[in-house]
Visitor: 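Just passing along the structure, written as structure tokens.
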Amino acid sequence: MKSPAKSLTQLPKRALDLDWRLVLLLISSVTFFTYISISSSSTAAVLISLPKAASFKSILHPPNHRPSRPNPTRPLNGSRIAVCLVGGARRFELTGPSIVERILRVYENSDLFLHCPLDSNAYKLQLLSDAPRIASVRIFKPQPVPETESQLRVLSPSNSPNGIQGLLQYFQLVEGCLPMIKAHQEKNNFTYDWIIRTRVDGYWSDPLGPENFIPGEYVVPPGSSYGGLNDRFGVGDYNSSVVALSRLSLISQLDSAGLTQLNSETAFKAQLSTQNVRYTTKRLPFCVVSDRQYPYPLGRNGVPVAALSSQGPLSGAKCRPCKPVCSGPCVGQMMSGLYRSWSWTEWANNTLELCDAHGEWEEGWETVFDNSAGKKLASARKRIWALNMDKCVDGFDKFKKRAAHWVGPSAAEICGLGLEKPA
Ligand SMILES: *[C@@H]1O[C@H](CO)[C@@H](O)[C@H](O)[C@H]1NC(C)=O
Ligand SMILES: *[C@@H]1O[C@H](CO)[C@@H](O)[C@H](O)[C@H]1NC(C)=O
Ligand SMILES: *[C@@H]1O[C@H](CO)[C@@H](O)[C@H](O)[C@H]1NC(C)=O
Ligand SMILES: *[C@@H]1O[C@H](CO)[C@@H](O)[C@H](O)[C@H]1NC(C)=O
């Protein structure tokens with residue numbers, strides 16, 4: 001799809017992802033252009049409304065109605081999906097290609113919105129050049145978020161690595177997708193049907209399935225709920241998602257409701273319930289790749305770190321590439337000791353194997369990763385590691401060109417931060 005897209009840069013952005021056969025058909029079919037020009041003042045508007053699965057026959061002999069709304073029995077065909085991807089790119093050479101393959105390419109019509117802090121790993125984000133559609137990218141220099149009295153009343157610093165400031169930074173990161181999405185909608189005159197909210201550090205072992213899109217309900221993974229709701233992933237219709245993503249701006253409502261001492265997960269749950277957004281949990285095939293070290297064996301509040309090679313679904317549990325130290329009957333013994341409403345995650349039927357994560361990632365983890373992730377992902381990891389400054393800048397510029405909207409430093413600055421040794 002890449003090469004025809006390149007030659008069509010004059011076309012409206014929304015047209016760029018059309019199947020190339022459709023593009024050829026558009027160019028060669030005078031009849032069709034006539035239809036467009038009499039049925040709409042704007043070619044772009046008609047192109048936008050074509051569902052992905054429209055057959056050529058129905059394009060050449062269009063039905064009377066414009067097939068722009070999703071068919072309720074096939075909810076995702078023809079619906080508009082925004083993917084909000086946020087976070088630091090620390091191990092993105094491991095996670096990025098899995099996100100492209102198992103979310104973005106599964107929903108080829110989806111638009112990517114990327115909101116990330118600038119740091120020494122941001123150059124790895126260029127792996128997203130392989131995404132089918134990139135609507136908007138914002139890479140920002142992290143700044144302290146001002147703390148209001150209301151926030152200090154509502155939030156608790158305990159168990160957050162950087163206290164209340166850390167929570168606020170995270171909330172701002174997530175909420176930052178909303179203005180990006182809204183600007184894109186306004187510019188193109190439509191509203192998304194769904195928003196998928198996911199993390200840069202998520203490793204997806206299997207595709208995100210269509211059963212997770214439920215009108216009127218916000219879907220989150222079970223487990224890792226820390227007294228509230230697992231906030232490591234969410235998908236919902238537009239209205240539910242606006243509430244779910246408004247992590248910072250809804251704190252004042254939690255304050256009005258008299259809530260105090262909340263962590264990220266309890267604040268998330270309260271945010272949905274006070275705004276009357278229904279939610280449900282569904283097991284999801286991803287884990288959060290983490291460099292953090294956690295005591296092992298696990299205590300009642302211990303954090304299980306899954307082997308990335310676990311069969312899953314891991315529903316957003318922490319993971320790293322390791323040779324598991326606990327599998328089979330050991331897992332049940334270990335996991336049944338955890339508080340269910342805290343760090344616990346589903347483990348039955350050999351879906352989970354545990355790492356001893358009390359130290360750094362083990363020697364040889366690269367091979368462990370490559371063996372479970374497969375050749376394609378392994379080669380992306382190696383490609384990132386082999387970048388020099390010139391290749392990095394080229395790759396990043398290519399990524400930048402594919403984005404309809406871009407706010408961030410130059411490729412040279414981003415690559416320099418990662419690849420140039422400090423003087
Ligand atoms: C979309 O339509 C195709 C066939 O037209 C079908 O196979 C597929 O399951 C549909 N997808 C969804 C999510 O309903
Ligand atoms: C936006 O879309 C709506 C409905 O699809 C249409 O009625 C309206 O004229 C459009 N506005 C612009 C500025 O194109
Ligand atoms: C979403 O919210 C808007 C405005 O708040 C409302 O008009 C619309 O009916 C809502 N849509 C659904 C599907 O609930
Ligand atoms: C484990 O497998 C059994 C039998 O297939 C199934 O009934 C049960 O729901 C599974 N448990 C979990 C937690 O997946």
Visitor: Restricting to non-hydrogen atoms, name the atom on Ser372 and the atom on Leu308 that form the minimum distance, rounded to 0.1 Å.
Guide: OG-CD2, 3.7 Å
Visitor: Sub-3.5 Å donor-acceptor pair from the side chain of Ser98 to the main-chain atoms of Trp204, do we have one?
Guide: yes
Visitor: Could you walk me through whether Val145 and Gln165 satisfy the side chain to side chain contact (heavy atoms under 4.5 Å, CB included) test, starting with their C-alpha distance in whole Å, then the side-chain angles of each, then the deciding distance to 0.1 Å, before giving a yes or no?
Guide: CA-CA 7 Å; Val145 180; Gln165 183 56 222; 3.7 Å; yes
Visitor: So, Asn263 side chain and Glu265 main chain: donor-acceptor pair closer than 3.5 Å or not?
Guide: yes
Visitor: What I'd like to find out is whether the side chain of Leu354 reaches to under 4.5 Å of the side chain of Met334, using heavy atoms alone.
Guide: yes
Visitor: For side chain to side chain contact (heavy atoms under 4.5 Å, CB included), just list the numbers for Tyr279 and Glu217, CA-CA rounded to whole Å, side-chain angles, deciding distance to a tenth of an Å, and then say yes or no.
Guide: CA-CA 5 Å; Tyr279 50 82; Glu217 284 191 70; over 6 Å; no
Visitor: Quick one: is the NZ or CZ of Arg383 closer than 6.0 Å to the six-membered ring centre of Trp385, and within 45° of its axis?
Guide: no
Visitor: Heavy-atom count around Glu211 CD within 6.0 Å, excluding the residue itself: above 12?
Guide: yes
Visitor: Between Gln271 (side chain) and Ala244 (backbone), is there a donor-acceptor pair under 3.5 Å?
Guide: yes
Visitor: Take Phe233 and Phe286, measure what ring-ring contact (aromatic ring centres under 6.0 Å, His included) needs, and give me the verdict at the end.
Guide: CA-CA 9 Å; Phe233 172 89; Phe286 79 102; 5.8 Å; yes
Visitor: Between Glu93 and Arg381, is there a side-chain N and carboxylate O pair less than 4.0 Å apart?
Guide: no
Visitor: Find out whether Tyr170 and Leu248 are in side-chain contact, i.e. whether some heavy atom of one side chain is under 4.5 Å from a heavy atom of the other.
Guide: no
Visitor: Would Glu353 and Lys323 count as a salt bridge (Lys or Arg N to Asp or Glu O under 4.0 Å) here? Give the steps.
Guide: CA-CA 9 Å; Glu353 296 185 293; Lys323 293 188 197 81; over 6 Å; no
Visitor: What donor-acceptor contacts under 3.5 angstrom involve side-chain atoms of residues 287-304, with partners at least two apart or in another chain?
Guide:
residue: Ser290; atom: OG; partner: Arg292; partner atom: N; Å: 3.0
residue: Asp291; atom: OD1; partner: Arg90; partner atom: NE; Å: 3.1
residue: Asp291; atom: OD1; partner: Arg91; partner atom: NE; Å: 2.9
residue: Asp291; atom: OD2; partner: Arg91; partner atom: NE; Å: 3.4
residue: Asp291; atom: OD2; partner: Arg91; partner atom: NH2; Å: 2.6
residue: Tyr294; atom: OH; partner: Lys318; partner atom: NZ; Å: 2.9
residue: Arg300; atom: NH1; partner: Gly337; partner atom: O; Å: 2.6

Visitor: Below 4.5 Å, heavy atoms only, C-beta onward: do Asn230 and Thr281 meet side chain to side chain?
Guide: no
Visitor: Within a strict 4.5 Å, meaning less than it, do heavy atoms of the Trp194 and Arg80 side chains meet?
Guide: no
Visitor: Could you go step by step and tell me if Gln185 and Tyr238 meet the side chain to side chain contact (heavy atoms under 4.5 Å, CB included) rule?
Guide: CA-CA 12 Å; Gln185 290 187 150; Tyr238 182 76; 3.2 Å; yes
Visitor: Under 6.0 Å between the ring centres of Trp361 and Phe369?
Guide: no
Visitor: Taking all atoms of both residues into account, what is the closest heavy-atom pair of Ile414 and Leu118, and its distance?
Guide: CG1-CD1, 3.7 Å
Visitor: With rounding to the nearest 0.5 angstrom, report the OG to CZ distance, Ser225 to Phe268.
Guide: 12.0 Å
Visitor: Of all the heavy-atom pairs spanning Leu173 and Pro117, show the shortest one and how long it is.
Guide: CD1-CD, 4.0 Å
Visitor: Taking Gly216's backbone N and O only, do any of them form a donor-acceptor pair with Asp237's side chain (distance below 3.5 Å, no angle check)?
Guide: yes
Visitor: Is there a donor-acceptor pair closer than 3.5 Å between any side-chain N or O of Asp119 and the backbone N or O of Asn121?
Guide: yes
Visitor: Are the side chains of His184 and His405 in touch, meaning some heavy atoms are under 4.5 Å apart?
Guide: no
Visitor: What is the distance from atom CD1 of Ile81 to atom CD1 of Ile195, rounded to the nearest 0.5 Å?
Guide: 11.0 Å
Visitor: Give the ring-plane orientation class for Phe140 versus His115, where under 30° counts as parallel, over 60° as perpendicular and anything between as tilted.
Guide: tilted
Visitor: Can a donor-acceptor pair be found between the side chains of Ser158 and Ser156 at a distance below 3.5 Å?
Guide: yes
Visitor: Quick check for you: to the nearest 0.5 Å, what is the distance between Lys401 atom NZ and Ile134 atom CD1?
Guide: 12.5 Å
Visitor: To the closest 0.5 Å, what do you measure between CD (Glu147) and CD1 (Ile164)?
Guide: 6.5 Å
Visitor: If we check salt bridge (Lys or Arg N to Asp or Glu O under 4.0 Å) with Asp111, which of these qualifies: Lys187, Arg133, Arg402?
Guide: Arg133
Visitor: Please lay out, stage by stage, how Leu114 and Leu125 fare under the test side chain to side chain contact (heavy atoms under 4.5 Å, CB included).
Guide: CA-CA 9 Å; Leu114 179 69; Leu125 295 168; 4.2 Å; yes
Visitor: Keeping Asp356 on the side-chain end and His358 on the backbone end, is there a donor-acceptor pair under 3.5 Å?
Guide: yes
Visitor: Quick check: closest heavy atoms across Gly328 and Asn350, and the distance to 0.1 Å?
Guide: CA-OD1, 3.9 Å
Visitor: CG/Leu168 to CD1/Ile251 distance, rounded to the nearest 0.5 angstrom?
Guide: 5.5 Å
Visitor: State whether cysteine residues Cys319 and Cys355 meet the disulfide criterion of an SG-SG distance below 2.5 Å.
Guide: no
Visitor: Would you kindly say whether Asn388 and Lys391 are connected by a side-chain donor-acceptor distance under 3.5 Å?
Guide: no
Visitor: State, yes or no, whether a side-chain contact exists between Met335 and Leu352 at a heavy-atom distance under 4.5 Å.
Guide: yes
Visitor: Is there a donor-acceptor contact under 3.5 Å linking the side chains of Thr367 and Asp370?
Guide: no
Visitor: Work out which heavy atom in Ser241 is nearest to a heavy atom in Gly236; give both atom names and the distance.
Guide: OG-O, 3.1 Å
Visitor: Spell out, as yes or no, whether a donor-acceptor pair under 3.5 Å connects the side chain of Thr274 to the backbone of Ala270.
Guide: yes
Visitor: Is a side-chain donor-acceptor pair under 3.5 Å present for Ser264 with Asp231?
Guide: yes
Visitor: Give a yes or no on whether the backbone of Pro157 and the side-chain of Ser160 come within a donor-acceptor separation of less than 3.5 Å.
Guide: no
Visitor: State, to 0.1 Å, how close Cys84 and Leu245 come at their nearest heavy-atom pair, and which atoms those are.
Guide: SG-CD2, 4.4 Å
Visitor: Walk me through it: do Trp344 and Tyr226 pass the test ring-ring contact (aromatic ring centres under 6.0 Å, His included)?
Guide: CA-CA 8 Å; Trp344 179 90; Tyr226 296 88; over 10 Å; no
Visitor: Examine the side chains of Ser249 and Glu175 and answer whether a donor and an acceptor come within less than 3.5 Å of each other.
Guide: yes
Visitor: Can you tell me if Asp255 and Ser252 form a side-chain donor-acceptor pair at under 3.5 Å?
Guide: no
Visitor: Roughly how far, to the nearest 0.5 Å, is the OG atom of Ser224 from the CH2 atom of Trp342?
Guide: 11.5 Å
Visitor: Would you find a donor on one side and an acceptor on the other, under 3.5 Å apart, between the side chain of Ser310 and the backbone of Ala306?
Guide: no
Visitor: Less than 4.5 Å apart, any side-chain heavy atom of Leu284 and any of Pro313?
Guide: no
Visitor: Using side-chain heavy atoms (C-beta onward) and a distance below 4.5 Å, is Tyr107 in contact with Phe213?
Guide: yes
